[in-house]
There are 2 protein chains.
Amino acid sequence: MRTYGQYCSVARALDVVGDRWTLLIVREMLTQGPRRFTDLKTGLPGIAANLLTTRLRELEDVGLVRREEAPPPIATTLYQLTDDGLALESVLKALGLWGLRYMGEERDEDSFHMQWLAIAPEWFSTDTDPSGPPATIEVIATGEHAVIELGGGRIHSRVGRATDPDLVLEGTPRAVLGVLTGVLTLDRAKELGLVANGRLDVLDRIKPVTSTP
Amino acid sequence: MRTYGQYCSVARALDVVGDRWTLLIVREMLTQGPRRFTDLKTGLPGIAANLLTTRLRELEDVGLVRREEAPPPIATTLYQLTDDGLALESVLKALGLWGLRYMGEERDEDSFHMQWLAIAPEWFSTDTDPSGPPATIEVIATGEHAVIELGGGRIHSRVGRATDPDLVLEGTPRAVLGVLTGVLTLDRAKELGLVANGRLDVLDRIKPVTSTP
DNA sequence: CCGGATCCAATTCGATACTG
DNA sequence: CAGTATCGAATTGGATCCGG
């Protein structure tokens, strides 16, 4: 772990999590919970196995990750974030919110996992009608499914299928992400191939969070 | 600029600002305003000149930095953040707030600049008495001076000397930072060598911001 | 299959020296 | 002051191999 050698909390933070891949490894465990080595490798297309090994050991050494030997019948080691690791959520939210400005272009070589899209409305959007009735949106992109649930002023999302959703959205990752974060109007998203079936008014409740915390 | 190749806004953000030194270069311009090449190099102890050149060009290419040829008598080029660059403030705040947990240890080899300390109360603390009278704190560490001003619920800080401050704090960077961010009690800081002269009650108005935005 | 370890090529970084 | 040029050191990426 190379250090910047500066007595500054930003530099200190980057000393710990500034290396390549580190924050993306944290993202995986933060949004998915305890993961096996192979799960992490799958969720991080392009990472070399030895580098993942190295990073996990570094994260363990600085106390951001805890490894747990799962008992039989699983009989494998699980990697999970400690409280200090979980506290990085605000950093990932700020980075992801800022990075939304670069989501306008989809590159052909880009990999995609539904969990990256699913977290977007939970982190970057807000329900403008907190006292409104609960609502469920099912999202489909590249054949994968996710569920967005609104209720009590909170937006929660997870990978998987919904039973009896109020609205179903299907399209490219970009089109779906656009409407769920408010950077695309529904009309514009439809021009990009989005198909929406159900109670479209639910979308009016979703607005982007204001940038400055 | 190596890319992670993931359609995820966190990964996209790291594609742009995840390289070594990049966020620290942004920190300099964000907290200090437009800077010359040499100013940046001075504020970033340890960076190689060629790497600074490379990073500045990359930042310019992605539209986060604008270079401006200052007219005579300055006759030099100034580097400043664009609006997209300024929007990284929330990322640096989140990182710096998280990184405070690592400020407990001062390493002998660490470099220190007053501007790194001065930004701390502005970013990581809050005035719990917004309707209280304006107050001025002068801070001295390693021979450098800074001014912290409270008033109207805001905390503002800058490098330099104060005229007629309500309180003067002098000590090691760690001791001063500790009291200004609320991670050290005044008594504990005094044990670490802090000298405080003036209206100590002003310190009671300063509390750490809550972690989650 | 899972969780690595090992090896090697490609890339990036850091230190120093040098220039207009 | 504001960078280039150069070169060795360190890091990263990719492939392969291995014990349970």
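Numbers restart at 1 for each chain; the letters A, B, ... are given by sequence-line order, proteins then strands.
The CG atom of A/L59 sits 8.0 Å away from atom CG of A/L81, with the distance rounded to the nearest 0.5 Å.
Sorted by first and then second residue, the pairs that involve residues 86-107 of chain A and meet ring pair (Phe, Tyr, Trp, His ring centres under 6.0 Å), not counting sequence neighbours, are A/W98-A/Y102. The stretch residues 117-127 of chain A participates, sequence neighbours left out, in these salt bridge (charged side-chain N to carboxylate O under 4.0 Å, His left out) pairs: A/D127-A/R205. Pairs of residues two or more places apart, or lying in two chains, never qualify as ring pair (Phe, Tyr, Trp, His ring centres under 6.0 Å) while including a residue from residues 32-53 of chain A.
Comparing A/R2 and A/A48 by the nucleotide of DNA chain D whose heavy atom lies nearest to each, the residue mapping closer to the 5' end is A/R2.
Look at CD on A/E69: it is 13 Å from C1' on C/dG4, rounded to the nearest Å. With rounding to whole Å, B/K41 atom NZ is found 13 Å from D/dT4 atom C1'. Between B/L44 atom CG and C/dC13 atom C1' there is a gap of 15 Å when expressed in whole angstrom units. B/I47 has its CD1 atom 15 Å from the P atom of C/dT16, to the nearest Å.
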I'd like a table of donor-acceptor pairs (distance under 3.5 Å, sequence neighbours excluded) in which one partner is a side-chain atom from residues 174-183 of chain A, with atom names and distances.
{"unit_1": "A/R174", "atom_1": "NE", "unit_2": "A/G104", "atom_2": "O", "d": "2.8"}
{"unit_1": "A/R174", "atom_1": "NH1", "unit_2": "A/G104", "atom_2": "O", "d": "3.3"}
{"unit_1": "A/T181", "atom_1": "OG1", "unit_2": "A/L177", "atom_2": "O", "d": "2.8"}

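Checking the phosphate oxygens (OP1, OP2) of C/dG4, a side-chain nitrogen or oxygen of A/R67 falls inside 4.0 Å.
A donor atom on one side chain and an acceptor atom on the other are not found under 3.5 Å apart for B/R158 and B/Q32.
Aromatic ring pairs are classed by plane angle as parallel below 30°, tilted from 30° to 60° and perpendicular above 60°; the pair A/W21 and B/Y4 is perpendicular.
Residue B/Y79 has its side chain nearest to D/dG3 when only D/dG3, C/dC2, D/dT11 are considered.
Looking at residues 50-59 of chain A, you'll see A/N50, A/L51, A/R55 sit with a heavy atom under 4.0 Å from some atom of DNA chain D. Contact check of residues 8-32 of chain B against DNA chain D (heavy atom, cut-off under 4.0 Å) returns no residues at all.
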A/D39 vs A/R36, salt bridge (charged side-chain N to carboxylate O under 4.0 Å, His left out): CA-CA, chis, key distance, verdict: CA-CA 5 Å; A/D39 299 332; A/R36 295 176 301 178; 3.1 Å; yes
